[in-house]
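Notes follow the structure.
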Amino acid sequence: MADILLVEDEVNARQVLSMGLETQGHRIHTCAGPDEARLALKQQAFDLVLTDLRMEGRDAGLEVVSMAAASQPRPKILLITAYASTETAVDAMRLGAFDYLTKPVSMDELHEAVERALHSEQASHDSDDEVIASSHDGLLIGTSPVMQRVRERLQRAAKRDFTVLITGESGTGKEVAARFVHLHSPRSEQAFIPVHCAAIPEGLFESELFGHCKGAFTSADADRKGLVEAANGGTLFLDEIGEMPLNIQVKLLRLLQEHSFRRVGEDCERHANVRILAATNRDLIAEVRDGIFREDLFYRLNVVPVHMPSLRQRREDIPLLITALLQRMGETITVDDETIAQLAELPLKGNVRELENLLQRLLALSDGDSLDISILDDFDDIHPEKETNLEAVSLGNGNLDDALEGVERRLIEQAMERTKQNATLAAKELGITFRSIRYRLKKLGIKD
Ligand SMILES: Nc1ncnc2c1ncn2[C@@H]1O[C@H](COP(=O)(O)OP(=O)(O)OP(=O)(O)O)[C@@H](O)[C@H]1O
Ligand SMILES: [Mg+2]
């Protein structure tokens with residue numbers, strides 16, 4: 001039996017839903033609107049909150065969703081909407097809803113959705129062992145609240161062909177997240193094709209992605225399928241999407257909007273049924289502002305935004321990750337609590353990937369059957385402090401834009417100096433794309 005808060009302003013609907021839930025054996029508390037719901041949430045903990053979207057002539061249900069998402073312990077949240085609009089579903093998910101039902105709601109649907117939501121809560125309280133066991137099929141390890149929210153959003157987005165844009169620092173599991181979406185989607189039996197945009201030379205991009213026909217260019221001695229066709233029926237994962245050349249961005253937009261594309265050198269249109277996922281560790285909005293990423297494509301990709309938290313935002317997951325990563329490496333070594341605590345203290349700017357690498361280094365260099373963390377003292381790559389040296393930034397006579405441009409210029413000049421004028425390395429240091437640094441060097445009139 002679960003405690004359910006039902007928020008619905010319409011008397012009849014409230015009674016029908018409430019009776020339906022009672023016959024399923026739950027305890028129901030009803031409210032007629034967001035104000036009553038606020039009180040109820042303050043007074044009592046609920047396992048599940050089921051709320052109508054349209055109340056009092058506005059989307060008041062979204063307020064209930066966010067109030068419920070903020071209460072402790074956090075209930076599961078289901079939204080009932082009269083309009084099956086994608087935007088509302090996405091908004092509700094952004095705010096923390098688990099799922100949504102479209103009116104008229106049948107008792108079967110209601111029953112199924114409620115059980116699924118309640119069951120998913122049980123899953124999150126499952127033992128660590130089960131979380132680890134399932135990690136081998138692309139599952140994201142971590143039981144912290146922030147990771148649970150990410151997982152739920154990915155799971156929710158997986159059900160339909162929404163485009164998901166996964167952002168996050170390097171090593172936070174963006175690719176794992178993409179595989180997770182694919183595995184939880186109706187396309188899971190079909191291909192999952194990752195495309196590492198940064199690794200494809202600009203001149204070959206179009207043909208890699210869309211294929212070519214014989215004779216399209218000098219080295220094209222046969223017809224060739226591209227990655228889009230290879231992913232037909234399945235999922236195409238565009239990793240490091242910020243590195244995609246502008247002319248290809250136009251073609252991708254067309255694929256997203258019309259599901260059609262052309263092989264290089266061919267006149268006829270081809271059709272592809274692919275679901276697109278994309279990832280980036282760059283600030284795409286800044287790249288849009290700088291004119292190196294198309295705004296229309298950005299919005300088309302960013303239907304469901306998912307930000308992967310850094311390891312610093314979920315330190316409580318580190319012990320579990322250590323156990324799981326060692327297990328994945330096939331190691332049976334035990335790690336004492338002291339060592340785990342010390343590892344968890346490290347800055348780990350490279351996130352899970354860095355943790356993985358550190359464990360490998362420790363395994364390689366420790367002797368005996370325990371990890372010797374003092375080994376790490378011999379290495380100075382563990383605490384890489386980036387020197388930015390921004391002492392005394394002031395507006396001077398100019399405005400904010402001028403001041404920011406001054407800072408930008410200084411950081412870029414310093415990076416160029418450190419890398420002996422190597423723009424590729426400087427871009428890497430600054431965490432921006434090569435195209436972005438080229439654009440900035442030109443804009444600021446810095447010689448490279
Ligand atoms: N939540 C997680 N659970 C289990 N393994 C993870 C998790 N996050 C990351 N990893 C592991 O860390 C490594 C890096 O993950 P991944 O390649 O997905 O990161 P990324 O965000 O794509 O990084 P980059 O931006 O550098 O490409 C992989 O070995 C992956 O298996
Ligand atoms: Mg990656």
Side-chain angles (χ1 to χ4, degrees), residues 123-124 126 128-155 158 164-184 192-200 235-244 276-284 287 301 305-331 343-344 346 348-363 381 384 427-434 436:
S124 66
D126 273 346
D128 289 354
D129 283 353
E130 276 179 59
V131 181
I132 296 167
S134 40
S135 76
H136 297 292
D137 45 4
L139 224 108
L140 291 156
I141 297 162
T143 49
S144 57
V146 51
M147 219 36 215
Q148 264 175 43
R149 277 200 296 279
V150 163
R151 237 195 329 260
E152 274 163 27
R153 184 182 291 188
L154 291 169
Q155 225 150 15
V164 182
L165 181 63
I166 306 164
T167 54
E169 291 175 14
S170 187
T172 46
K174 295 185 292 297
E175 180 152 1
V176 185
R179 282 181 198 273
F180 179 92
V181 170
H182 174 72
L183 288 168
H184 287 82
F192 174 84
I193 307 279
V195 184
H196 296 280
C197 297
I200 306 177
T235 306
L236 188 71
F237 170 48
L238 300 168
D239 200 1
E240 300 177 55
I241 184 94
E243 301 279 348
M244 181 176 277
I276 307 276
L277 304 175
T280 179
N281 57 14
R282 315 247 189 260
D283 181 0
L284 276 191
E287 310 225 324
L301 290 171
V306 176
H307 184 72
M308 299 306 291
S310 71
L311 214 40
R312 300 180 298 286
Q313 289 168 287
R314 53 183 194 107
R315 288 203 180 273
E316 66 265 46
D317 283 339
I318 293 179
L320 175 59
L321 275 164
I322 291 175
T323 326
L325 293 172
L326 287 172
Q327 188 176 319
R328 197 196 276 176
M329 294 171 204
E331 292 295 334
L343 281 169
L346 297 172
L348 296 173
K349 286 195 178 146
N351 297 297
V352 186
R353 182 179 295 109
E354 184 176 0
L355 182 63
E356 212 169 10
N357 293 344
L358 284 182
L359 288 173
Q360 271 161 352
R361 184 182 296 174
L362 284 173
L363 282 169
D381 59 340
K428 211 164 170 187
E429 264 201 16
L430 293 165
I432 58 178
T433 63
F434 178 68
S436 173

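Ligands are counted one by one from 1 in listed order, and the atoms in each one are counted from 1 as well.
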Practice problem: Give a yes/no verdict on whether any heavy atom in His196 is under 4.0 Å from an atom of ligand 1. | Solution: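 Flag not set, His196 not near ligand 1.
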Quiz item: Is it true that Gly142 lies under 4.0 Å from ligand 1, counting heavy atoms only?
Solution: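 Not so, Gly142 does not reach ligand 1.
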Quiz item: Is a side-chain donor-acceptor pair under 3.5 Å present for Asn281 with Ser170?
Solution: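 No, no side-chain donor-acceptor pair sits under 3.5 Å.
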Among [options], which one puts a heavy atom closest to [atom]?
atom: atom 30 (C) of ligand 1; options: Leu311, Val176, Val150; result: Val176
atom: atom 18 (O) of ligand 1; options: Glu354, Glu169, Met147, Glu175; result: Glu175
atom: atom 8 (N) of ligand 1; options: Ala178, Ser170, Gly173; result: Gly173

Quiz item: How would you list, by chain and number, every residue that makes a side-chain hydrogen bond (donor to acceptor under 3.5 Å, both in side chains) with Arg312, sequence neighbours excluded?
Solution: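 Residues passing side-chain hydrogen bond (donor to acceptor under 3.5 Å, both in side chains) with Arg312: Glu169.
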Practice problem: Please report the closest heavy-atom contact between Asn351 and Gly171, naming both atoms and the distance. | Solution: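 Shortest heavy-atom separation between Asn351 and Gly171 comes out as CB-O, 3.3 Å.
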Quiz item: Has ligand 1 got any nitrogen or oxygen that is less than 3.5 angstrom from a nitrogen or oxygen of Leu321?
Solution: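 Checking ligand 1 against Leu321, no N or O pair falls under 3.5 Å apart.
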Quiz item: If we only count N/O pairs under 3.5 Å, is Ile141 in contact with ligand 1?
Solution: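 Yes - when backbone and side-chain N and O of Ile141 are compared with those of ligand 1, one distance drops under 3.5 Å.
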Quiz prompt | Minimum side-chain heavy-atom gap Leu311-Val352 below 4.5 Å | solution =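 Sidechains of Val352 and Leu311: in contact.
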Quiz item: Lys428 versus Phe434: any side-chain heavy-atom pair under 4.5 Å?
Solution: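 Counting from C-beta outward, Lys428 and Phe434 never come under 4.5 Å.
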Practice problem: Please check if the side chain of Glu354 supplies one atom and the backbone of Lys349 the other of a donor-acceptor pair under 3.5 Å. | Solution: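 Yes.
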Self-check item: Donor-acceptor contact present, side-chain Lys174 to main-chain Met308, <3.5 Å
Solution: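 Not confirmed, Lys174 side chain does not pair with Met308 backbone.
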Output the list of atoms in ligand 1 that are nearer than 4.0 Å to some heavy atom of [X], sorted by atom number.
X: Arg314; value: 1 (N)
X: Thr172; value: 8 (N), 19 (O), 21 (O)
X: Asn281; value: 25 (O)
X: Glu356; value: 11 (C), 12 (O), 13 (C), 28 (C), 29 (O)

Quiz item: Rounded to the nearest 0.5 Å, what separation is found between the CG atom of Leu348 and the CD1 atom of Ile318?
Solution: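 The CG atom of Leu348 sits 5.5 Å away from the CD1 atom of Ile318.
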